[in-house]
Amino acid sequence: MFEARLVQGSLLKKVLDAIKELLNEASWDCADSGIQLQAMDNSHVSLVSVNLRAEGFDKYRCDRNLIMGMDLTSMSKILKCAANDDIITMKAQDNADTVTFIFESPSQEKVSDYEMKLMNLDQDHLGIPETDYACVIKLPSGEFARICRDLSNFGESIVIACSKEGVKFSAAGDIGTGNIKLAQTSSVDKEEEAVIIEMQEPVTLTFACRYLNMFTKATPLSPQVSLSMSPDVPLVVEYSIGDIGQIQYFLAPKIDD
Amino acid sequence: MSKQPSIFKFFSKS
């Protein structure tokens, strides 16, 4: 028996919004410790990893490890039926071929349930090595989304250059060039408005706008985002999912032909 | 021109 109840059901809705453009289908691996999803986008350029800790749920039970393969378009359609303040419960029997989503209004006066067919997905799981990144940039997630959107007007790629002076995002194309520099904030009223740069060595890497823009669909999940970079390894774009977990996107840097 | 490598190049199957 698997059952996970989340009072802050809107978090699950936002997680789906954050992955559904990148992934058509994916497996949710349910274990005693929580729920994880790891999947590559169709073109195998990026990797998404979602981790939801068991302790983060208001009720969590997983008697046996369970892999739930889901069509994310269908899952998203079902979660759209939940109101933002609904309590969401996911439920499945051991070895089941369906999962049930239960939505309860805060007053408990309306309860809906939707059953969805599970899929058998043969997906490769990739081992992600522990990495000490040369640069870790924390910035407001809305700012990052804005930068990606604005620079996408100029070209297909964004160059992210991190140095001790700050971080510079650049793009170049037919209409010209764009540069956005962010310095580390010296003092801020709110922690989520801060730009914090932890740097061991300067790093400059180039990434595809298309993917960065898809990653920013996670913006509603968290006021801050972190970008981790090292030379010649994938960028990690990480958003926390409330207090219950995090979503990480990995994107290989572009290389010169 | 730059090209986009696959994420497979960096992470091995576990």
Side-chain angles (χ1 to χ4, degrees), chain A residues 22-23 27 29 36 38-49 122-131 133 155-160 170-174 204-212 214-215 228-237 248-257, chain B:
Chain A
L22 213 48
L23 309 172
S27 290
D29 296 338
Q36 285 188 310
Q38 194 209 76
M40 281 180 285
D41 70 278
N42 289 338
S43 42
H44 294 175
V45 167
S46 67
L47 178 78
V48 186
S49 172
D122 187 21
Q123 287 192 330
D124 291 323
H125 264 243
L126 300 185
I128 301 162
E130 281 286 315
T131 308
Y133 288 93
E156 288 177 1
S157 304
I158 294 180
V159 179
I160 306 178
S170 314
D174 293 342
T204 298
L205 293 171
T206 304
F207 301 100
C209 286
R210 196 170 99 77
Y211 286 90
L212 295 177
M214 283 198 272
F215 302 164
S228 303
M229 301 199 299
S230 275
D232 307 319
V233 301
L235 161 79
V236 191
V237 180
Q248 293 173 310
Y249 301 93
F250 297 84
L251 177 64
K254 284 189 161 185
I255 47 174
D256 288 331
D257 240 345
Chain B
M1 275 303 283
S2 57
K3 66 176 180 189
Q4 176 68 62
S6 155
I7 199 86
F8 269 134
K9 191 171 175 286
F10 301 90
F11 300 146
S12 53
K13 281 185 195 177
S14 59

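When reading the values below, keep in mind they use all heavy atoms of this one structure, side chains included, and skip hydrogens, waters and symmetry mates. Letters A, B, ... are given to chains in the order of the sequence lines, protein chains preceding strands, and every chain is numbered from 1.
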Subject >> side chain to side chain contact (heavy atoms under 4.5 Å, CB included) against Pro5(B), all qualifying residues, sequence neighbours excluded >> reply: Ala252(A), Ile255(A), Lys9(B), Phe10(B)
Original post:
Of the backbone (N, CA, C, O) and the side chain (C-beta and beyond), which part of Asp41(A) lies under 4.5 Å from a heavy atom of chain B, both, or neither?
Top reply: neither
Original post:
Hey, which of Ser157(A), Ser46(A), Ser43(A) has the most heavy atom pairs under 4.5 Å with chain B?
Top reply: Ser46(A)
Original post:
Closest heavy-atom contact between Phe11(B) and Pro234(A)?
Top reply: CZ-CG, 3.9 Å
Subject >> Minimum heavy-atom distance Leu47(A)-Ile7(B), with the two atoms named >> reply: CB-CG1, 4.2 Å
